[in-house]
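Both backbone and side-chain heavy atoms feed into the values below; hydrogens, waters and symmetry mates do not. Note that the structure is a prediction, hence the values are computed from the model and not measured.
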Amino acid sequence: MQTVLASATLGPMTMDMGIVLGLVALTVLLFLTEWLRVDVVALLVMVALPLLGIMDGAEAFRGLAGNAVISIIAVIIMGRGLDHTGVISQLMRPLMRLAGRSRSRITVLVAGTVAVVSSFMQNVGAAALFLPAIRRLSRHSGVPVSRLLMPVGFSAILGGTVTLVGSSPLIMLNDLIQPFGLAPFGLFSVTPVGLALVVTGIAFFVLGGQRLLPAGTPAGEQGEDLMAWYCDLGCMHELRAPWDKNEELYVQDLIDSYCIQVVALSQKGGRDVLLPPDRAMRIAPGAVLAVIGSPARVAEMAAKHGFTVKSELDVFAQAMSDEESGVVEALVPPHSRFIGMTVADIRFRHNHLMSPLAVTRNNQTRYCDFWDMVVHAGDSILMHGRWESFHAMRPRRDVLFVQSLDHEVLHPEKAGVAVGAFVLSTGLVLATDLALSVCLMTGAVAMILGRVLTIDEAYRGVDWRTVFLLAGLIPLGVAMERTGAASWLAGHIMVMIGQPAPWVFLLVLGALSTVLTLVVSNVGAVVLLVPLAVDMASAVGADPRLAALAVALAASNSFLLPTHQVNALYMGPGGYRSLDFVRAGLPLSVLFLVVLTVMLSVCY
């Protein structure tokens, strides 16, 4: 059987093979030149295959319902649900504290965490789960998201090489080598190679690979960007009241006497956070406050009353984070019921849980002493509060928010339901023979039925460019396999290398698997190449098991084009072009092959 397989790959090229290989070359060319968007290129491929007579129309569009596409939709929905309930934020918070604003520490910690998660679940699932949190981490740290997503995405792909269940090719490996009588691999048989690959990938970006990524623009927090227009307002500070003073000091004293806006108060030194406190609330000894004001005014107040000014937010780090609260500008429309009332009469703090920071009228802004101002149509009011407070006020239309309020309101009370749905889908993947798409979509539907998020929110969370990119490339991979173009190409390359040394043979196999994975699915590449690799290994004096393992591991060497599911998922949010993947992915792909060859030669 092995001889027949080898000879079959060396047959003459047919017309269908030539058409498919030409279509592959054209697709790669369009990806690299970017004359068309990548999803448009994928759609062209989808319609070109039936127009050229390679497959019928129904089969060409079957990729839209493919296992990979449905799986991606499901994991995006589940990732949105976990993020919607704050689960991912809780996981990321320790990493954010450790990483600070250092790009290198962020890369090591986040990419390493994603790689660990990816080693036990589907790569794209791990990447989708962390996508919203990485965006917030970018805003928090000031590191452009384009400098974070690609290292994290590549680490998610590399994490799939750490265990035998980390990626689909490795899951299939034992089944593919069983007919040849080769000993199966254990769960952690690939771990030494996988860990070396993960370390290589992360080190590549930490030690210089970042320079190959697009610079992007720092995604500063929305509130900070808006406050930049109000130069005299100042910035956020965290203060602690003295324990040894019993003076009667109230929130309104700081506001009226020092023009410092108190936006949060914790009377118990970190527990029972009030956001915002009422003006008439007394500040107890040892209380912690979050205030907005100029450094000079804050320093003056602290010196007079014995407050301690902290160097950065601590107690209020989470409450003041961009994911929970922010600064919004609101306009008073002509139909508002606030017209004719004073700012004090409206009681923004008590009735609407918002802290007024400034009022602008006729291009004149007042940062304090605006409480007795009678509200007029056209007034602009700058306010700080939780996003849920702004969302609750919007339907009343007493004020019109200038910002889009696209921040999600977190629902931590639904965290148990979200985690339960995720565990359910993961359990189905591990314990049943159901298709991956069925298992994952079960978890997604469970989140919708459990009201973790609405169906409309689920629809809005899906990146449809990713969906159509993959749906268009799937039939191209099918055509490569069905016409014999993939096996013809692989067979001729194997004949060209002749009788190399075993390590050269492993290197060539890895390179061949890398190339095929870019145009055929990683599973398709492994199915085609493993029998061929085992058949050729004996002829060159190489270990057939290592040859099969090299093919399966190299199927994760998918960094050159946005054809891998993870790359497609991160392409839009990161603002990447195809050339960005080539620029950063080419040296990493070479390093991958070198480390793979060395580790297989040394460790087995």
Side-chain angles (χ1 to χ4, degrees), residues 140 221-241 249-284 287-295 297-299 301-302 305 307-330 343-344 346-359 365-371 380-393 399 401 403 405 407 409:
H140 169 77
E221 303 220 5
Q222 180 178 353
E224 293 178 352
D225 291 340
L226 184 57
M227 287 167 64
W229 293 95
Y230 292 82
C231 302
D232 295 331
L233 185 61
C235 55
M236 187 84 69
H237 305 267
E238 184 169 299
L239 312 173
R240 181 180 289 276
L249 193 62
Y250 296 87
V251 169
Q252 62 191 11
D253 295 331
L254 304 188
I255 297 174
D256 297 337
S257 300
Y258 300 96
C259 201
I260 295 173
Q261 301 298 336
V262 181
V263 296
L265 174 65
S266 174
Q267 300 282 36
K268 299 181 179 180
R271 301 185 299 276
D272 302 330
V273 172
L274 295 174
L275 196 160
D278 278 352
R279 283 173 51 86
M281 185 166 291
R282 178 178 178 271
I283 300 174
V288 182
L289 302 83
V291 304
I292 295 177
S294 72
R297 290 194 298 267
V298 171
M301 186 277 298
H305 298 284
F307 281 71
T308 301
V309 182
K310 298 189 177 183
S311 58
E312 59 183 16
L313 295 181
D314 179 18
V315 171
F316 299 108
Q318 178 62 24
M320 296 296 138
S321 67
D322 183 55
E323 64 194 51
E324 290 200 12
S325 63
V327 177
V328 169
E329 193 174 37
V343 176
I346 297 172
R347 300 191 69 188
F348 280 106
R349 290 173 173 268
H350 183 80
N351 294 334
H352 306 288
L353 300 180
M354 302 173 187
S355 301
L357 304 178
V359 178
T365 301
R366 295 173 65 174
Y367 295 97
C368 47
D369 298 329
F370 50 70
W371 305 103
S380 172
I381 306 175
L382 188 71
M383 295 183 288
H384 179 279
R386 295 186 187 273
W387 299 121
E388 57 190 291
S389 299
F390 295 126
H391 279 282
M393 191 176 190
V399 293
F401 296 113
Q403 284 73 33
L405 296 184
H407 291 78
V409 178

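At a threshold of 4.5 Å between non-hydrogen side-chain atoms, the residues Asp253 and Ile283 do not count as touching. A 4.5 Å side-chain heavy-atom check between Met281 and Val262 finds every atom pair outside the cut-off. Counting heavy atoms from C-beta outward, Tyr230 and Leu357 have side chains that stay 4.5 Å or more apart. Looking at Met393 and Leu353, their side chains never come closer than 4.5 Å, going by heavy atoms from C-beta outward. Side-chain atoms of Glu238 and Glu312, non-hydrogen and from C-beta on, never get closer than 4.5 Å to each other. Contact check for Phe316 versus Glu324: no side-chain heavy atoms found under the 4.5 Å cut-off. A heavy-atom distance below 4.5 Å is not found between the side chains of Ser257 and Gln252. Contact of the Ile260 side chain with the Val298 side chain is registered, since non-hydrogen atoms from C-beta on lie closer than 4.5 Å.
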* Carefully, step by step, assess Arg279 and Trp371 under the rule side-chain contact (heavy atoms from CB on, under 4.5 Å). => CA-CA 11 Å; Arg279 283 173 51 86; Trp371 305 103; 3.0 Å; yes
* Step by step, would you call Asp314 with Val288 a side-chain contact (heavy atoms from CB on, under 4.5 Å)? -> CA-CA 10 Å; Asp314 179 18; Val288 182; over 6 Å; no
* To do: Give the C-alpha distance, both sets of side-chain angles, the deciding distance and a yes or no for side-chain contact (heavy atoms from CB on, under 4.5 Å) between Val327 and His384.
  => CA-CA 4 Å; Val327 177; His384 179 279; 3.8 Å; yes
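The aromatic ring centroids of Phe307 and His237 lie 6.0 Å or more from each other.
For the pair Arg297 (side chain) and Tyr258 (backbone), a donor-acceptor distance under 3.5 Å is present. Side chain of Arg349 to backbone of Ser355: no donor-acceptor contact under 3.5 angstrom is found. Gln261 contributes no side-chain N or O that, together with a main-chain N or O of Met383, makes up a donor-acceptor pair within less than 3.5 Å.
Note: Glu329 CD to Leu382 CG = 6.5 Å, rounded to the nearest 0.5 Å.
Across all their heavy atoms, Ala330 and Phe401 have their closest contact at CB-CD2, 3.8 Å. Ala319 approaches Ser325 most closely through the heavy-atom pair O-OG, 2.6 Å. The heavy-atom pair separating Met354 from Ser389 by the smallest distance is CE-O, 3.4 Å.
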